[in-house]
Amino acid sequence: MRSAEQALDALAALPCGARLLDVLRRRPEAWLVGGAVRDLLLGRTPRELDVAVEGDVDVVAAELGGDGRRHERFGTAVLQVDGCAVDLARTRTETYAAPGALPDVTPAPLQDDLLRRDFTLNAIALRPDAGVRAAPYALEDLEAGRLRVLHDRSFLDDPTRLWRLVRYAVRLGFLPEAQTDRLAREAVAAGATATVSGPRIGAEVRLALREARPLDTLHAATQLGLVEGLELDPARASAALALLAPEGRADLTLLGAVGFDVAGLGFTAAEERTLRRCAALRVPPDGPPSVIAAALRGEPVEAVAVAAARDGAQRSARWWLAEGRHVALEITGDDLRAAGIAPGPELGARLRRALDAKLDGALDGEGREAELRVALGA
């Protein structure tokens, strides 16, 4: 594990590091805290930089500059500074009116702020002139690779911490210490996650999918009992992701491959439709190109990738996604109307017949004239 001095040197090397360090030196009420300090001490690059302020967040935000927004209820600001995401928050304590509720916050000194955090590995603060300040066990747990909650009601107060537990375990390779493991399993068994709104759980699922090893994270969530009924087949998931078209979404593809039911979790109607098609679509393993096209035309690319991986129809999906879906006619309905075909279903059927012939390589020649001959034929 790095020393405080080495962590500060690593911070200075970040695009916004010099500016942030300058502000921290001039503002004794501001500390780098949480996951940013954890990652710097572990020799990892922080995903974002969290700054806790024992005072007016606006003053520190103004000195940092950058663009961002404020959240009055929690006394926070989110800034983009020289290419870095910087989250500022007033040091505080939190109380929960009910299990799973959003917290009520009260300004408090830094040490109290550290003690209200989710795990000891995030209860660490760093300043250039003061070194590291940490909650009890924090540095020892970080050195030993342990996950430890800071109080016994942690998972009941905020059950989303159960998802954070599995994310940290997989990302960092840390293990819960015995008491934390027991508290987590008791919270799951007691139905703690039911006290949290579906969209908040959905947000945690989305974060799990952004991890470097999302399938392992879902597996860990299953082992803890946070989700049930997933088909955690690494070969199928890898095959689906390998087939996915460039514009497709890896997160939806993985959810579709494992059969994750996102109903009530705050996903959009379009996302839910894509996942339903992942489950329902069937990809022909072989056959004429026109048959494959008829089965897959208009389907989400994620559903094509997932269904093909499940059905062993990778060759059909690969052809469709790379070539088949881009094949188009040169003629249009205007050409058929000019030739005397009345608007209506017949016109569409004739165009489809010409396209099928083009897909199957059955045109008599090439170009518009060959397409018209097929479309106008009896």
**Q** Should the pair Glu302-Arg249 be classified as a salt bridge under the 4.0 Å nitrogen-to-oxygen rule?
**A**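 Looking at Arg249 together with Glu302, the answer is no, because their closest N to O distance does not fall below 4.0 Å.
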**Q** Any chance you could measure Asp104, atom CG, to Thr106, atom OG1, to the nearest 0.5 Å?
**A**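 Here the interatomic distance stands at 7.5 Å.
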**Q** Report yes if the side chains of Leu32 and Leu20 come closer than 4.5 Å at any heavy-atom pair, otherwise no.
**A**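 Yes, at least one pair of side-chain atoms sits under 4.5 Å.
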**Q** Is the closest basic N to carboxylate O distance between Asp286 and Arg315 below 4.0 Å?
**A**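 Looking at Arg315 together with Asp286, the answer is no, because their closest N to O distance does not fall below 4.0 Å.
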**Q** Look at the side chain of Arg210 and the backbone N and O of Asp251, then say whether any donor-acceptor pair between them is shorter than 3.5 Å.
**A**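 Here the side-chain-to-backbone pair does not exist.
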**Q** Under the side chain to side chain contact (heavy atoms under 4.5 Å, CB included) criterion, do Val205 and Leu255 qualify, and how do the steps go?
**A** CA-CA 10 Å; Val205 173; Leu255 287 176; 4.2 Å; yes
**Q** Are any of the side-chain heavy atoms of Leu14 and Thr45 separated by less than 4.5 Å?
**A**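 Result yes, sub-4.5 Å side-chain heavy-atom pair found.
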**Q** Leu115 and Val105: same hydrophobic cluster, using ILVMFWY side-chain contacts below 4.5 Å?
**A**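 Result: no, two separate clusters.
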**Q** Do the numbers put Arg206 on top of the ring of Phe267, so that NZ or CZ is under 6.0 Å from the six-membered ring centre and no more than 45° off the axis?
**A**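 The answer is yes; both the distance and angle limits are met.
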**Q** Does Leu359 offer a backbone N or O that forms a donor-acceptor pair with the side chain of Ser290 under 3.5 Å?
**A**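 Judged by distance alone, no pair lies under 3.5 Å.
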**Q** Take Leu88 and Thr76 through the side chain to side chain contact (heavy atoms under 4.5 Å, CB included) test and state the conclusion after the steps.
**A** CA-CA 5 Å; Leu88 295 96; Thr76 63; over 6 Å; no
**Q** Verify, without hydrogens or angle tests, whether Arg90 (side chain) and Val57 (backbone) share a donor-acceptor contact under 3.5 angstrom.
**A**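 A pair under 3.5 Å: no.
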**Q** Look at the side-chain heavy atoms of Ile, Leu, Val, Met, Phe, Trp and Tyr, link any pair under 4.5 Å apart, and say whether Val132 and Val53 land in one connected group.
**A**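 The answer is yes; both residues are in one hydrophobic cluster.
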**Q** Inspect the contact between Asp129 and Arg25 and indicate whether a charged nitrogen and a carboxylate oxygen are less than 4.0 angstrom apart.
**A**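 Salt bridge flag = no for Asp129 with Arg25.
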**Q** Compare every heavy atom of Leu126 with every heavy atom of Ala7, then report the nearest pair and how far apart it is.
**A**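 Scanning both residues, the minimum pair turns out to be CB-CD2, 4.1 Å.
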**Q** Are more than 12 heavy atoms from other residues, nucleotides or ligands located less than 6.0 Å from atom CG of Asp360?
**A**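 Yes, CG of Asp360 has more than 12 neighbouring heavy atoms, counting only those of other groups under 6.0 Å.
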**Q** Looking at every heavy atom in both Ala305 and Leu243, which two are closest together, and how far apart are they?
**A**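 The answer is O-CD1, 3.8 Å.
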**Q** Taking all heavy atoms of Leu49 and all of Cys16, pick out the closest pair and write down the distance.
**A**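 Closest pair (atom of Leu49, atom of Cys16, distance): CD1-SG, 3.4 Å.
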**Q** Could you go through the side chain to side chain contact (heavy atoms under 4.5 Å, CB included) check for Asp233 and Val258 one step at a time?
**A** CA-CA 7 Å; Asp233 183 340; Val258 303; over 6 Å; no
**Q** Does the Arg353 side chain pair with the main chain of Val374, one donor and one acceptor, at a distance under 3.5 Å?
**A**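 Confirmed, Arg353 side chain pairs with Val374 backbone.
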**Q** Just how far is it from atom OH of Tyr96 to atom OG1 of Thr195, taken to the nearest 0.5 Å?
**A**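 Between atom OH of Tyr96 and atom OG1 of Thr195 there are 11.0 Å.
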**Q** Quick one: is the NZ or CZ of Arg148 closer than 6.0 Å to the six-membered ring centre of Tyr137, and within 45° of its axis?
**A**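 Ring-cation test returns yes.
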**Q** Check for me, please, whether Leu147 and Leu139 land in the same ILVMFWY cluster - side-chain distances under 4.5 Å, paths through other members count.
**A**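 Yes.
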**Q** Would you say the side-chain atoms of Arg133 pair up with the backbone N or O of Gln111, donor to acceptor, closer than 3.5 Å?
**A**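 Between the backbone of Gln111 and the side chain of Arg133 there is no qualifying donor-acceptor contact (under 3.5 Å).
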**Q** In the structure I gave you, are the side-chain heavy atoms of Glu228 and Thr222 within less than 4.5 Å of one another anywhere?
**A**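 Contact flag for Glu228/Thr222 side chains = no.
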**Q** Please determine whether residues Leu254 and Leu207 belong to a single hydrophobic cluster, defined as Ile, Leu, Val, Met, Phe, Trp and Tyr linked transitively by side-chain heavy-atom distances below 4.5 Å.
**A**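 No, because Leu254 and Leu207 fall into different hydrophobic clusters, even though each may have its own neighbours under 4.5 Å.
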**Q** Got a salt bridge between Arg213 and Glu211, using NZ or NE/NH1/NH2 to carboxylate O under 4.0 Å?
**A**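 A salt bridge is absent here (no side-chain N lies under 4.0 Å from a carboxylate O).
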**Q** So, Ser316 side chain and Pro285 main chain: donor-acceptor pair closer than 3.5 Å or not?
**A**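 Here the side-chain-to-backbone pair exists.
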**Q** On a heavy-atom basis, which atom in Ile124 and which in Leu121 lie closest, and how many Å separate them?
**A**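 Closest pair (atom of Ile124, atom of Leu121, distance): CD1-O, 3.6 Å.
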**Q** Which atom names give the shortest non-hydrogen contact between Leu110 and Ala52, and what distance separates them?
**A**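 Nearest heavy atoms, Leu110 then Ala52: CD1-CB, 4.4 Å.
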**Q** Give a yes/no verdict on a cation-pi contact between Arg127 and Trp31, requiring under 6.0 Å between NZ or CZ and the six-membered ring centre and an angle within 45° of the axis.
**A**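 Yes, a cation-pi geometry holds between Arg127 and Trp31.
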**Q** Within this structure, what is the CG-CG distance for the pair Leu40 and Leu8, rounded to the nearest 0.5 Å?
**A**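 Taking CG in Leu40 and CG in Leu8, the distance rounds to 8.0 Å.
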**Q** Are the charged groups of Glu346 and Arg350 less than 4.0 angstrom apart, N to O?
**A**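 Salt bridge flag = yes for Arg350 with Glu346.
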**Q** To the nearest 0.5 Å, what is the distance between CG on Leu376 and CD on Glu371?
**A**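 Atom-to-atom, Leu376:CG and Glu371:CD are 11.5 Å apart.
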**Q** Drop me the distance from Leu183's CG to His151's NE2, to the nearest 0.5 angstrom.
**A**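 Between atom CG of Leu183 and atom NE2 of His151 there are 10.0 Å.
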**Q** Leu218 vs Phe260, test: side chain to side chain contact (heavy atoms under 4.5 Å, CB included). Steps then yes/no.
**A** CA-CA 10 Å; Leu218 292 179; Phe260 200 117; 4.1 Å; yes
**Q** Should the pair Asp261-Arg276 be classified as a salt bridge under the 4.0 Å nitrogen-to-oxygen rule?
**A**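 Arg276 and Asp261: not salt-bridged.
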**Q** Check this for me: does any side-chain nitrogen of one of Asp118 and Arg161 sit under 4.0 Å from a carboxylate oxygen of the other?
**A**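 Salt bridge flag = no for Arg161 with Asp118.
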**Q** Please determine if Arg236 and Asp311 form a salt bridge, counting it only when a charged side-chain N lies under 4.0 Å from a carboxylate O.
**A**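 Salt bridge: no.
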**Q** Mind checking whether Asp158 and Arg164 have side chains closer than 4.5 Å, heavy atoms only?
**A**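 Yes; the side chains approach each other to less than 4.5 Å.
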**Q** Can we say Glu299 and Arg277 salt-bridge, meaning some charged N sits less than 4.0 Å from an Asp/Glu carboxylate O?
**A**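 A salt bridge links Glu299 with Arg277.
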**Q** Over all heavy atoms of both residues, which pair between Leu11 and Leu21 is shortest? Give the atoms and the distance, please.
**A**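 Answer, listing the atom of Leu11 first, then Leu21: CD2-CD2, 3.6 Å.
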**Q** Can you confirm whether Val227 sits close enough to Leu230 that some side-chain heavy atom of one is under 4.5 Å from a side-chain heavy atom of the other?
**A**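 Yes, side chains in contact.
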**Q** Does this structure show an ion pair linking Glu204 with Arg167, if we count only N-O contacts that are shorter than 4.0 Å?
**A**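 So Glu204 pairs with Arg167 through a salt bridge.
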**Q** For Arg116, is there an ion pair with Asp112 - N to carboxylate O distance below 4.0 angstrom?
**A**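 Not counted as a salt bridge, because no side-chain N and carboxylate O are separated by less than 4.0 Å.
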**Q** With a 4.5 Å heavy-atom cut-off, do Val262 and Leu275 have their side chains touching?
**A**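 They are in side-chain contact.
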**Q** In terms of hydrophobic clusters joined by side-chain contacts under 4.5 Å, are Leu265 and Val166 together?
**A**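 Yes, because Leu265 and Val166 connect within a single hydrophobic cluster, where side-chain heavy atoms sit under 4.5 Å apart.
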**Q** Is Asp356 paired with Arg352 through a side-chain N to carboxylate O contact shorter than 4.0 Å?
**A**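 Salt bridge flag = no for Asp356 with Arg352.
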**Q** Side-chain donor-acceptor contacts of residues 172-179 below 3.5 Å, not counting sequence neighbours, with atom names and distances?
**A**
unit_1: Glu177; atom_1: OE1; unit_2: Gln179; atom_2: N; d: 3.1
unit_1: Glu177; atom_1: OE2; unit_2: Thr180; atom_2: N; d: 2.8
unit_1: Glu177; atom_1: OE2; unit_2: Thr180; atom_2: OG1; d: 2.6
unit_1: Gln179; atom_1: OE1; unit_2: Arg182; atom_2: NE; d: 3.3
unit_1: Gln179; atom_1: OE1; unit_2: Arg182; atom_2: NH2; d: 2.8
unit_1: Gln179; atom_1: NE2; unit_2: Asp152; atom_2: OD1; d: 3.4

**Q** Does Thr160 reach the side chain of Thr193, with side-chain heavy atoms less than 4.5 Å apart?
**A**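 No - every pair of side-chain heavy atoms lies 4.5 Å or more apart.
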**Q** Checking salt bridge (Lys or Arg N to Asp or Glu O under 4.0 Å) for the pair Arg368/Asp335: CA distance, chi angles, key distance, verdict?
**A** CA-CA 10 Å; Arg368 292 172 50 81; Asp335 296 299; 2.8 Å; yes
**Q** We want to know whether Thr120 and Asp141 form a side-chain donor-acceptor pair, criterion being a heavy-atom distance below 3.5 angstrom.
**A**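 Present: a donor and an acceptor within the cut-off.
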**Q** Looking at CH2 of Trp320 and CD1 of Ile292, how far apart are the two atoms once the value is rounded to the nearest 0.5 Å?
**A**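 Here the interatomic distance stands at 10.0 Å.
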**Q** Are any of the side-chain heavy atoms of Pro99 and Arg153 separated by less than 4.5 Å?
**A**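 Yes. Closest side-chain heavy atoms under 4.5 Å.
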**Q** Is Arg117 salt-bridged to Asp113, cutoff N-O under 4.0 Å?
**A**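 Salt bridge between Arg117 and Asp113, a charged N being under 4.0 Å from a carboxylate O: yes.
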**Q** More than 12 foreign heavy atoms under 6.0 Å from CD of Glu366: is that the case here?
**A**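 For Glu366, atom CD is not crowded (no more than 12 foreign heavy atoms under 6.0 Å).
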